[in-house]
Amino acid sequence: MKVRDTAADGYEVLEDGEVIGSFPTIVDAARFVRGRGARLWLDWARTVIGGQTVSPQDFEPSFLGSGVGRVLGEQHGPSKDKWFWSISTNDKRWRVHGGQRGREDTKDAAVAPLEREFTTYVAAMPPKPSPYAQAKGV
């Protein structure tokens, strides 16, 4: 499920492009998503470092405009052809995560646990004051 920031009104949860819930905090929205047995759908792009894309097998997920992790296809060594995923960020909203990470056989298989773990992390944040609300000045 996608979540969008509606500025002063809070957050909307969307499924197939349709609003299925509105919530005052991101934590409430994530709890709703988790309660439905779903996960937050993150936005995905190629990883860019120093203005250059790094590798065709290197992807960065973002949430509400901020990078929150990485999925990287291993190209060498004993993990060759495995996909490593991790939650990591410099954004104050998400910095206290537990450093969740893992390895999977495919990129799609790596995306699912990263999104699931990120959803669980956001849903478990204290609702007030949340690090996200503090960063937004709410």
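For reference, positions follow the sequence shown, starting with 1.
With sequence neighbours excluded, the residues forming a side-chain contact (heavy atoms from CB on, under 4.5 Å) with S55 are Q57, D58, Q75, listed by chain and number. With sequence neighbours excluded, no residue satisfies salt bridge (charged side-chain N to carboxylate O under 4.0 Å, His left out) with E60. In terms of the salt bridge (charged side-chain N to carboxylate O under 4.0 Å, His left out) criterion, R46 has no residue partners (sequence neighbours excluded). In this view, K107 satisfies the salt bridge (charged side-chain N to carboxylate O under 4.0 Å, His left out) rule with no residue, not counting sequence neighbours. For D16, there are no salt bridge (charged side-chain N to carboxylate O under 4.0 Å, His left out) partners at least two apart in sequence or on another chain.
Scanning both residues, V19 and R4, for their nearest heavy atoms gives CG2-NH2, 3.5 Å. A pairwise comparison of heavy atoms in L42 and P61 identifies CD1-CB, 3.7 Å as the closest pair. Between W44 and E115, the closest heavy-atom pair is NE1-OE2, 3.1 Å. Shown here for F23 and V13, the closest heavy-atom pair between the two residues is CE1-CG2, 3.6 Å. Taking both residues in full, the closest heavy atoms of V71 and A110 are given as CG1-CB, 4.0 Å, listed atom of the first, atom of the second, then distance. When every heavy atom of A30 is checked against every heavy atom of A123, the shortest pair comes out as CB-N, 3.7 Å.
Atom-to-atom distance recorded for L14:CG and S22:OG is 8.5 Å, nearest 0.5 angstrom. Interatomic distance, E104 CD to F84 CZ, rounded to the nearest 0.5 Å: 11.5 Å. The OG1 atom of T119 sits 3.5 Å away from atom CG of L40, with the distance rounded to the nearest 0.5 Å. The CH2 atom of W41 sits 11.5 Å away from atom CG of D43, with the distance rounded to the nearest 0.5 Å. Note that the CG atom of D28 and the CE atom of M125 stand 10.5 Å from one another [nearest 0.5 Å].
A chain of hydrophobic side-chain contacts below 4.5 Å, direct or via other Ile, Leu, Val, Met, Phe, Trp or Tyr residues, connects V27 to Y121. Hydrophobic clustering (side-chain heavy atoms under 4.5 Å, transitive across Ile, Leu, Val, Met, Phe, Trp, Tyr) keeps V54 apart from V68.
Of the charged side-chain nitrogens involved, at least one lies within less than 4.0 Å of a carboxylate oxygen, so that E15 and R36 count as a salt-bridged pair. Under the 4.0 Å criterion applied to side-chain N and carboxylate O atoms, K2 and E12 are not assigned as salt-bridge partners.
In this pair, F63 and F118 present their aromatic rings perpendicular. The plane angle is above 60°, beyond the 30 to 60° band.
T106 contributes a side-chain N or O that, together with a main-chain N or O of A109, makes up a donor-acceptor pair within less than 3.5 Å.
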request  = Please assess D81 against E74 for the test side chain to side chain contact (heavy atoms under 4.5 Å, CB included), listing each intermediate value before the final yes or no.
outcome  = CA-CA 5 Å; D81 298 326; E74 302 280 353; over 6 Å; no
key: Derivation and outcome, side chain to side chain contact (heavy atoms under 4.5 Å, CB included), residues F59 and W83   = CA-CA 11 Å; F59 299 88; W83 288 81; 4.1 Å; yes
inquiry  = Using side chain to side chain contact (heavy atoms under 4.5 Å, CB included), reason through T120 and R34 one step at a time and then give a plain yes or no.
reply    = CA-CA 7 Å; T120 298; R34 187 182 63 180; 4.2 Å; yes
ask   = Can you list the steps and then say if Q100 with S86 is a side chain to side chain contact (heavy atoms under 4.5 Å, CB included)?
value = CA-CA 6 Å; Q100 299 88 338; S86 66; over 6 Å; no
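Other residues sharing a hydrophobic cluster with L72 under the 4.5 Å side-chain heavy-atom criterion for ILVMFWY residues do not exist; the residue is a singleton.
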